[in-house]
Amino acid sequence: MITFATLSIILVASAVFAIAAKSPVHSVVGLLVNFMALAVLYLSLSAEFIAFIQILVYSGAILILFVFVIALLSSGIGPFNVGPDRLPKLLIPGTILSALALGLVIRMLANTSFTPEPRIGIALGPIGAANVFGSIGDFGRALFTLNLLPFEVTAFILLVAVIGVVLVTAGESHAMPPMKIHRKARKREAIVKEHH
Amino acid sequence: MIWPLVLVPFLVGLSIFAFPRRADALATGVGIFVALGTLVATVLLSSAPDETLPWITRPSFPFASSFHVGLGSGLSFWLVLLTALTSACALLTTTTQVPRRRDFVAWMVLLQGAMTGVFVARDLLMFALFWDLMLIPVFVILIGWSAGHRASAWRYLLYNGSAGLLLLIAVAAYGITTGSTDVLSVSVTYLKGNPLGPMEAWLFIGFALAFLVKTPVWPFHTWMPTTYADLPAPAVAVVSAVQSKAGLYGFLAVTTMVFPAATHVVAPVMIVLGTVGVVAGAFAALVQTDVKRIVAYSSLSHLGLILAAIFTFDPIALSGAVVYMIAHGLFSAALFLTLGSVEQRTETRLLRRMGGLGIRNPRLAGALVISALAALGLPGLCGFAGEILILTGLFRSGAVWPTMLALVATVAAAAYMLRLFQGIMHGPEAADLPQRSDLQWAEGLALVPLVLGMVWLGINPSVIARAVPASASLSMDAHTPAPYDTAAFPSVVPPATEALR
Amino acid sequence: MIVPPLYYIALSAVLFFIGIAGVLTRRNPLIMLMAIELMFNAANLALITFSRVWLNNVGHIFAFLVVTVAAAEAAIALAIVVVVFRQAPNVDVDQIAELKG
Amino acid sequence: MTTIPLTIPFGSQDFTALFPCFIVACGALLVLLLDLLFPASLRRGWSILIALATLGIAGVSALNGWGEPISVFANAFVTGSLTVAFEEIVVIGAALSMLLMYTAGRDDQAAGAIALLLWSASGAMLMAGASNLMVVFLGLELLSLGLYCLCGFVTRRVAREAALKYLLLSSTASAVMLYGMALLFGATGSVDFNALALPSASPVMFDLGVGLFLVGLAFKLSLVPFHEWTPDVYAGAPLPVTAFMSVVTKAGALAVLIRFVGALPPNISDQLVQPLWVVAGLSMIVGNVGALAQTDLKRLLAYSGIAQLGYIVAALAVRNDNGLYSAIFYLAAYTFMNLGAFAVAALLSRDEEEGTHLASFRGLSGRKPLLAGAMTFFLLGLAGIPPTAGFTGKVLILANTIGAGFVNLAVLLVIGTAISFYAYLKIVRLMYAPSFGQGVNVVVPRSRLPWIAIAVCAVAVLVLALHPIVPTGSFATLKSEVKDRVSVQSAY
Amino acid sequence: MNGYAAQALDVIWLLPLLGALIAWTFGPRLRAAAGGICSAVVGLAFAGTLAELVFVSRWTGMHWGFHQSLVTWVPGFTLGLQLDPLSLIWSLIITGVGFLIHVYSIGYLAGDRSIARFFAYMNFFVFAMLTLVLSDNFVGLLVGWGLVGLASYFLIGYYIDRPSAVAAARKAFVINVFGDVGMMFAIVVVFALFGSVSYTDVFAVAHDLPSPVLALICLGLFTACAAKSAQVPLHTWLPDAMEGPTPVSALIHAATMVTAGVYLIARCAPLWSSSPEAQELVGVVGAITALCGALLGIVQWDIKRILAYSTMSQIGYMIMAVGVGAYDAGVLHFFTHAFFKALLFLAAGLIIHELANEQDIRKMGGLRKRMPLAFWAITSGVLAICGIPLFSGFYSKDAVIYGMLLHGHPILFAIGVLTAGLTAFYMFRMWFIVFFGSDRTEHGEETHASSWTMRIPVALLIGPTVVAGYLGIAGSASPWSRFLAPVFDGARPFEVSTPLNETAVSSLVLIFVACGILAAYLRYGSARATSRDTLRLMREAEGIPLFFRRAFYVDDFIRVLIVRPAQIFGAFLSRFIDPRFIDGLVHDVAWFAGVLGFEVRAMQNGQVRGYAFTLAVGVVAFIAYFTSLGGVR
């Protein structure tokens, strides 16, 4: 219970930090903490394989990708600039709306009676043991037998990701020069015209 | 064999679009040929049996519909004839009056097909299909060939499109309630055994609004003056002659059959609306400045009278209504066609800028005056034949006030029709008129059959007077069925006699 | 399970709606994407909790698939963000509003 | 430590059932591979050809599944008439969009784009038969991920913007849907649709799960108030992608919706799906009203699509075969009418500029009468004016909704349609009004392929209107599919 | 023979139509020849009618003369023609006088550009008038009734480029249509009650009708009479109708068409005889018309308008007579009036023609020597109209006036006598001013000589003007009454004993006539009066009270009370109700939809966060709904 409480506090705090941080890099750090805490929470739920995946994929791959992009976008034009806020009034309603929805869901959860009847298919066991609920063996068997179809579909999803990214960015290499140069060129044209 | 009456115009109309761009004469010729062919074929097919093809079937669909066509009721036959005749005449006049003739002719032929479809449909859904189909040619002609502002096209669409949707929803509801929409050739007794219950009122309202708008009847008429004024003459001739009959045909042949109870319940309302239209149209026509609007408002007046007649369910009035429907078709077509010729010569539609055209165009003046006289109900011409039957029926069924008001409107009709005719043809010649020759052969040829029809119908309306759908004159009281019997015509017990004695 | 499962669900709900709030209030597309990742993770937490409760490992499979999809989506999303904002002076979704009406 | 043998419990029947879906996905690989072999100038043409061939094979092979529903892959996927119908719509939509591919991107991008399009299509086909929350999610993502990229693969700024907007909003909606799925899983202990009808461990959680799931579907179907992405994304995306999106996404989501709603416990499902009818009614009005003021064909069709999907969802309010059939019928009609209109726009497009601004339709009847006629025909169909499939479809929807007592939906449909007349016929006016004839350059299209699409669509719209006959063995079996779901796969 | 005669009836009836069609179709080529053809056609018809007279006189015992069916009009009901003594009399006048006037017109309109059109109209009129009188039913009657109105309209407006003619024509037609409508109403009632509109059927049961119904029918019919025969207050078109060429005035607006009302009442005698209220009404209106016509005739200066008012006044006599039941007298007065009024018009036409269309009598004077034929013709006509013994008018008018007394209407009798005096005054006023005194013409040199085609008809008409009345000598025993007996036998109302016998009445009338003539002589004819002519006449014109000059303000009343309100009502409907109210409502709805469209556009502001917000609102709404269900199972 204490573990759960501690993790909850960490999770909520890091999540709030992640979305409230000024700088995206701070957000990434917040998110990193969040994902780590989640992985611990998964362990407490006997999902050891998912916990590893969580750290590997999320913290290891996705967040690094974010850092990359942050670096890429801020390299040429300095730190992130923010333009004028077109919807300045959205901050408070947005927050209120989310809180309202959360309140509704919490109220629902508070009033509900949750009576699952666990199926006795596979036993719970300590983390790290083989062939217990949540172990790699258990997971792998399920993935490659009954859930073969979803697994195969993920192959195509990853293919789509690869080809899609190539397609989107391939267009870029042939694209117009960056806007600044473009603008300069236009200004020059205008000056030439004036001279005429 | 009835199918070609509908299909051929569609196929030909579409194929005309594929003609070479400058093939105006060819297109017109083909269009006229189709119309005349329809005319001849209709005469030959006058006693052809109904034909049915499945369309929507159960159980995959909630109700059954079929492509069911027939010329059975005499009214359909005459209206199809009228459609073909006016189309042919209108197309003849396009030779001088319309630019981009190939496309125009194509749309006109399509319009003819759609209107024919409305009149031969024996299935409610098919009826609704052709009903909505009539919208588009008129709309396109309004935007493509109208002289006026484009608002008229939208107004036309707004009124008629919405009303068509009401018809559609009512047909759909009818289908789901009864399981079939193929009912227009079923005997009325069968329908009496299958009441729609409380739904009948709502369904009838849907049908009735569509019919009232299309006719149009006061107060659903405000689309009409602008539409009639802006449509080119050949198109408006067909629209006013035939399309306006679709609504009346609907009341006469459709609602009486499908919703007999509701139709009888609303009769007083309809008579009142019709009568208001009679008066409003007549007086409004007195003060119009645009010649086509004069005729438009006069149509409102005449069509209102027919509506009132239909809802008396009196055999004489119904005969009159049928005669007057055809009569109105003839004279309004002739009026608009002549006004088209006039507009072409004067290059204006404003009455105050016209005058003296008859001095150089005596034949045009002759055509206009005969049409105008038929319209104002001059005894001996077709308008009178219908009018007196209608008034007799109205009076006989106790509608004394409508009769009186209709008579007042007739006086007004004389005033506005003469104002129209004299304003155009008489008086000093307008100084800045471009000098054009008298009626060209095509225009004249187009008017001849219409004028002959007006005279013939005025002398001999009995042929058409018989064409009352059986369901229309059906009395609601089961004990005194009054099926329309020609032999019994003069000896029908006059209900008014008792009232007066 | 010592901790009632609904607590986990409540926690996931909190994370989920923090994610939603992030999408609604932030203008930096990267942070919006992170907020969306947060929402996916909240759903994952719920899935894994339920999986544990029902002792049905299909929730794990589902969570695994979600992680995979999230990775693919992140890749695509970041590629799009890069091509959209590389030329833009501001990394701010508010400025990307050429399409409207 | 015992090793449990790893045997795959699926046979040829399971794989055959998914063959159409797989062949499309593999066709994409083929396109990518063969792209390396062709000279640059021919690449696009060959890619399109291969894609069409693949889709053709898929379309034909899918017909095998027609008949009784059979569940495969441990009830992750269901074949049968319903699935086949949606698969065919997806295949046709994809094939017709493929014919417009000449209008978008450079030749060297074509293969990639076509591959993505095929993968998206396969995602939608997966959704057509998905009967498992996971498969739904994966199908949805396979469909969407490809589309994010396709929206932004051309260099126009608006296309990129569309991609970004689509990405952000769609991901959010996916997350919401995913959360709903998690709740459903929690309430039922299973991801199988068949478990939905069982008594749930927490009814309230179940309800909320249904609600969030429906949000996700409503977003994909672009129903109000989840519609706002639609106009912007349609307007920004390249023309063939918009065309594809407007049909295929909807077909996939609709299939899921039908199956999901059918799987809900009958005694409470009315309450659970009620918001859907509200949303459908709102869509009819907002969609048509929004279309009134548009000046771009793609935006107009986006709003129109919002409304049309409103009609289709309204048709589902009737919980029987007739309602289902009318929805599918209307979807098919919408597919052809919509894609036909896009095909016309494709013929008006130039290299750098898509011919979707309404101004490019000015005086079209004078320049290209046949094209104008076809466009008029499609627009009439969308407006529900005969003789088009739109008319027949609308009659069926009206009859069904009225028959089921949803008179208010029928009335909203009629009001919406009346409003839409203006929106659609505005284009007809532009094409036929004489004074607008001048000032528009004649466009030489890059390819005449869209003509094929136009011809197919026109014929289909007419034939569906006049001969809407269902093949034998229609969806009469769906009811049993819905009811006999008491036996839940014990494997889960 | 009877069968042949009946078959010939439609030939007689259609001959003029044939002429009209020929003249209309080939008009431009025929030109002047059209006059010959059309006259010949009418002449033929006249000959045919005369031949029919022979048959009819042989079967005077038969009740209804000949009958011939034509077409089935509506199921169960056929239109037909019939020829009985009454219609025969009218047919003779129509074709006979019509023939003369046709011939006259050849000369009168010689050189006119569209003379063929004129003759087409004239022949068409003859056809229409024959339709009116030969029909055996009310519908045919109404057809003829309408068509004569049409012909009259065409002919009044013959000079289509003259605005006053066009206006006069329209006025005449509209008022006539008002009459048609009245008849239509009557027919509607008849048709609705009896299911038939043939005379035979209707008259057979006329006596059994309840009197309000009968009165209603008669009222409708009388509206038609009043409009067609220019009875007060529907008379205003007649003076204006003089815009037409003079032969038209002679034929239509004097001899035949305007007397159709007389025909109608005579024809419907069975109805009238059964309805005392209707008789009363008709008699009173006729008397008022006779008096008003005479009064207004006094103040006119246009020769044709004088004759027009005199026509109105004389028709008042006829209507009065047939109204109260003196059918023989009324019809006889029609008969004689047809001749002498046609003669007067034609002779006036001679003058007008010679003076190059001058119609103002103040600009005439002293024409006695210059135009002897016209002088003698008009003199005989004036004597006839004033009822001087030996001239036809004496017999017919006295019969009318005596008829008033005979049928118990002393007040009408008094009016009749008074009017006779006034008639003498205004006719002789015209006579003196035109033919005596100094020559005041302004166009002395530009006169057109009248051709023989004009002179011969005038000369020929002088004969019947004198002798036509002799048929009516000896009252009910006269050949005239015997001839008409089959028509009116069933409808002869009661007669009362009179204090005065016929001779005394004649003497009384003659005294009044003499006074009138004397007054006219003193004011216009004496040497003293003629010495200071033009100026005095002009001044006298100014002195006439406005009340008379504006013809009792009837036109103004009609304009203010009917025409203007109708126009205002129409404008209100079409310029306010339609666009503002009905269309406005629809327009507002459409406008609202458009505004909503722009609202939707405005909401679609391109901000992705905004879209997300909307989406979130939807999500929250869904959450709220689904959590509120409470998990009911």
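Per chain, numbering begins at 1; letters A, B, ... match sequence-line order.
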Open item on the list: Taking every non-hydrogen pair under 4.5 Å, which of Ile96(A), Leu90(A), Leu65(A) racks up the most with chain C?
Closed with: Leu65(A)
- [ ] Sort Ile50(A) into side chain, backbone, both or neither according to what part of it lies under 4.5 angstrom from a heavy atom of chain C.
- [x] side chain
Task: Exam field: side chain Ser135(A) to backbone Asp138(A), donor-acceptor pair closer than 3.5 Å - done: yes
- [ ] Sort Leu31(A) into side chain, backbone, both or neither according to what part of it lies under 4.5 angstrom from a heavy atom of chain C.
- [x] side chain
Open item on the list: At a 4.5 Å cut-off on heavy atoms, which part of Phe35(A) comes close to chain C: side chain, backbone, both, or neither?
Closed with: side chain
TODO: Please determine, among Thr95(A), Thr3(A), Leu38(A), the option with the most heavy-atom pairs under 4.5 Å with chain C.
DONE: Leu38(A)
TODO: Output the option from Leu102(A), Val162(A), Ile62(A) having the highest count of non-hydrogen pairs under 4.5 Å with chain C.
DONE: Leu102(A)
Open item on the list: Please classify the contact of Phe4(A) with chain C as side chain, backbone, both or neither, using a heavy-atom distance under 4.5 Å.
Closed with: side chain
TODO: Could you walk me through whether Val168(A) and Ile76(C) pass the side-chain contact (heavy atoms from CB on, under 4.5 Å) test, one step at a time?
DONE: CA-CA 9 Å; Val168(A) 170; Ile76(C) 290 172; 5.9 Å; no
Task: Option that, when pairs with chain A are counted at under 4.5 Å, heavy atom only, ranks first among Val67(C), Ile20(C), Ile80(C) - done: Val67(C)
Open item on the list: Counting only non-hydrogen atoms closer than 4.5 Å, does Asn34(A) touch chain C with its backbone (N, CA, C, O), its side chain (CB onward), both, or neither?
Closed with: side chain
- [ ] Can you tell which part of Val28(A) gets under 4.5 Å to a heavy atom of chain C, answering side chain, backbone, both or neither?
- [x] both
- [ ] Identify which part of Leu143(A) has an atom lying under 4.5 Å from any heavy atom of chain C, answering side chain, backbone, both or neither.
- [x] both
Task: Atom group of Ile31(C) that falls short of 4.5 Å from chain A, counting heavy atoms - done: side chain
Open item on the list: Looking at Tyr7(C), I want to see if its OH is surrounded by more than 12 non-hydrogen atoms of other residues, nucleotides or ligands under 6.0 Å.
Closed with: no
- [ ] Of all the heavy-atom pairs spanning His26(A) and Phe17(A), show the shortest one and how long it is.
- [x] O-CE2, 3.2 Å
Open item on the list: Between Ala99(A), Gly30(A), Ala21(A), Pro93(A), who has the most heavy-atom pairs with chain C when the cutoff is under 4.5 Å?
Closed with: Ala21(A)
Task: Value rounded to 0.5 Å, distance of CG in Leu146(A) from CZ in Phe151(A) - done: 14.5 Å
Open item on the list: Below 30° counts as parallel, above 60° as perpendicular, anything between as tilted: where do the rings of Phe49(A) and Phe64(C) land?
Closed with: tilted
Task: Which portion of Val16(A) sits near chain C, non-hydrogen atoms under 4.5 angstrom - done: both
Task: chain C contact via Ala20(A) - side chain, backbone, both or neither, heavy atoms under 4.5 Å - done: backbone
Task: Leading residue by heavy atom contact count with chain C [cutoff under 4.5 Å; candidates Leu7(A), Leu63(A), Ile19(A), Val165(A)] - done: Ile19(A)
TODO: Just give me the residue among Ile9(C), Val23(C), Leu65(C), Ile18(C) that pairs up with chain A most often, heavy atom to heavy atom, under 4.5 Å.
DONE: Ile18(C)
Task: Proximity breakdown for Ala77(C) and chain A, heavy-atom pairs closer than 4.5 Å - done: neither
Task: Partner of Met32(C) under side chain to side chain contact (heavy atoms under 4.5 Å, CB included), chosen from Val81(C), Leu24(C), Val93(C) - done: Val93(C)
Open item on the list: Using a 3.5 Å distance criterion without hydrogens, assess whether the side chain of Thr112(A) forms a donor-acceptor pair with backbone atoms of Leu109(A).
Closed with: no
Open item on the list: Between Arg52(C) and Ala47(A) (side chain of the first, backbone of the second, donor and acceptor by atom type, cut-off under 3.5 Å), is there such a pair?
Closed with: no
TODO: Name the region of Ala15(A), side chain, backbone, both or neither, that has any atom closer than 4.5 Å to a heavy atom of chain C.
DONE: both
Task: Side chain / backbone / both / neither for Phe66(A) at chain C, heavy atoms under 4.5 Å - done: both
Task: Atom group of Leu15(C) that falls short of 4.5 Å from chain A, counting heavy atoms - done: side chain
- [ ] State, without any angle test, whether Ser44(A) and Tyr8(C) hold a side-chain donor-acceptor pair at a distance under 3.5 Å.
- [x] yes
TODO: Just say parallel, tilted or perpendicular for the rings of Phe50(C) and Phe114(A), cut-offs at 30° and 60°.
DONE: perpendicular
TODO: Could you give me the CA-CA distance, side-chain angles and deciding distance for Gln54(A) and Asn41(C), then say whether side-chain hydrogen bond (donor to acceptor under 3.5 Å, both in side chains) is met?
DONE: CA-CA 9 Å; Gln54(A) 173 81 10; Asn41(C) 272 288; 2.9 Å; yes
TODO: State the CG-OG distance between Asn56(C) and Ser51(C), to the nearest 0.5 angstrom.
DONE: 6.0 Å
